[in-house]
Amino acid sequence: NVSHIHQADLYFMTGPEWEPNGCGSPLAYVYFISYTIVISFVILNLVIAVIFEGFEESNKTELQDLIKSCVHRWRKYDPQFKMLISVDRVFDFIDECVEDLCREYGKTKNPCWSVETRWDPSYTGLNTRSVFAAYSMKYVKINAITVTSKQEVRFVVAVRAVLRRLICQGGLNGSVTTKLGRFHHLRELEALERGMETQSLPLRVERELLELQALEQTQAHLIAVALNHRLGMHGQIGAERSFLMDVAAAKLQTVALQRLANRRNNKRKKPKPWSNSGASAAQVRTITED
């Protein structure tokens with residue numbers, strides 16, 4: 001019977017009060033206090049890590065991924081960090097960024113996936129004075145780059161071209177657009193740009209656009225000053241012009257050369273006046289003398 005158990009069997013007297021029997025060594029205090037502190041510290045760090053991860057995921061956007069990808073690949077084309085590369089190399093940079101981003105988002109797995117070709121298939125090769133005639137006009141329109149007087153392209157302009165190409169490709173997702181779909185997206189971009197120049201925009205949007213244009217101009221000026229100081233370059237970047245105008249001029253020159261060559265060939269193949277009658281030149285001369 002439990003009632004017959006003596007109190008002395010459960011407790012022992014060590015002082016003026018009764019204390020439990022068999023509570024362990026004094027190291028138990030150290031163990032449990034240390035355990036509580038360590039577990040609390042670990043749990044607190046886990047909670048903070050989850051909060052920061054959720055905050056980063058909420059702030060992560062597709063545009064940030066695009067810019068980071070462009071910055072990472074720009075180093076290969078501009079090892080001196082001049083923020084300027086030549087026209088022929090900038091198209092290699094744009095094509096590489098677009099293909100890598102499309103591959104990352106799974107576009108390339110679709111058998112219908114394709115990109116806009118850089119070269120014009122109808123180019124005859126007559127205009128050897130300028131390589132620009134070999135570029136496709138649609139390809140150049142989609143990129144819409146501007147070049148300096150030294151035929152160089154700024155980093156901001158190249159990233160903007162990558163963004164335009166991805167918009168025409170259907171965005172950063174798994175969907176694939178056809179050649180006709182890219183043409184419609186290009187028309188929408190051009191209509192949007194014309195509307196921004198001619199139509200009145202909301203005050204907030206217009207203010208943001210003005211701020212972005214001012215920041216871009218300031219950045220171009222600061223880059224030019226830094227390059228002049230660090231690399232000893234002479235002269236500023238200066239005003240930029242549309243690369244589309246250079247390509248159009250080269251193609252017009254090609255058409256003019258083609259027509260000139262056709263005219264020369266036609267003159268060589270033009271028949272003599274006496275060839276149709278079947279008489280020789282000597283017979284015509286004799287008839288004329290008689």
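FYI, side chains are in, hydrogens and waters are out, and symmetry mates aren't considered; it's all heavy atoms of this structure.
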In terms of ring plane angle, is the pair F132 and Y135 parallel, tilted or perpendicular, where the classes change at 30° and 60°?
tilted
Please round to the nearest 0.5 Å and tell me the distance separating atom [atom1] of [X] and atom [atom2] of [Y].
X: L101; Y: Q169; atom1: CG; atom2: CD; answer: 11.0 Å
X: C102; Y: L166; atom1: SG; atom2: CG; answer: 5.5 Å
X: C168; Y: K138; atom1: SG; atom2: NZ; answer: 8.5 Å
X: I142; Y: R164; atom1: CD1; atom2: CZ; answer: 8.5 Å
X: E116; Y: Y139; atom1: CD; atom2: OH; answer: 9.5 Å
X: T36; Y: Y31; atom1: OG1; atom2: OH; answer: 9.5 Å

If we ignore hydrogens and angles and just use 3.5 Å, is the side chain of [X] paired with the main-chain N or O of [Y] as donor and acceptor?
X: D120; Y: S122; answer: yes
X: D78; Y: W74; answer: no
X: R165; Y: V98; answer: no
X: R263; Y: R259; answer: no

Fill in: Exercise: identify the closest heavy-atom pair between S136 and T117
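Minimum heavy-atom contact is CB-O, 3.8 Å.
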Nearest heavy-atom approach of D100 to R103 is OD1-NH1, 2.7 Å
Those residues at least two apart in sequence (or on a different chain) that pass salt bridge (charged side-chain N to carboxylate O under 4.0 Å, His left out) with K76 are E96
Are F81 and F155 close enough, and set up right, to give a ring-ring contact (aromatic ring centres under 6.0 Å, His included), and what steps lead you there?
CA-CA 10 Å; F81 296 100; F155 171 73; over 10 Å; no
- With sequence neighbours excluded, residues passing ring pair (Phe, Tyr, Trp, His ring centres under 6.0 Å) with Y77: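 Ring pair (Phe, Tyr, Trp, His ring centres under 6.0 Å) check on Y77 returns F93.
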Q.
I'd like to know whether CE of M245 has more than 12 heavy-atom contacts from other residues, nucleotides or ligands below 6.0 angstrom.
A. no
Sequence neighbours excluded, the answer for side-chain contact (heavy atoms from CB on, under 4.5 Å) partners of S114 is R182
Legend entry - Non-hydrogen side-chain atoms of T146 and V153 separated by less than 4.5 Å: no
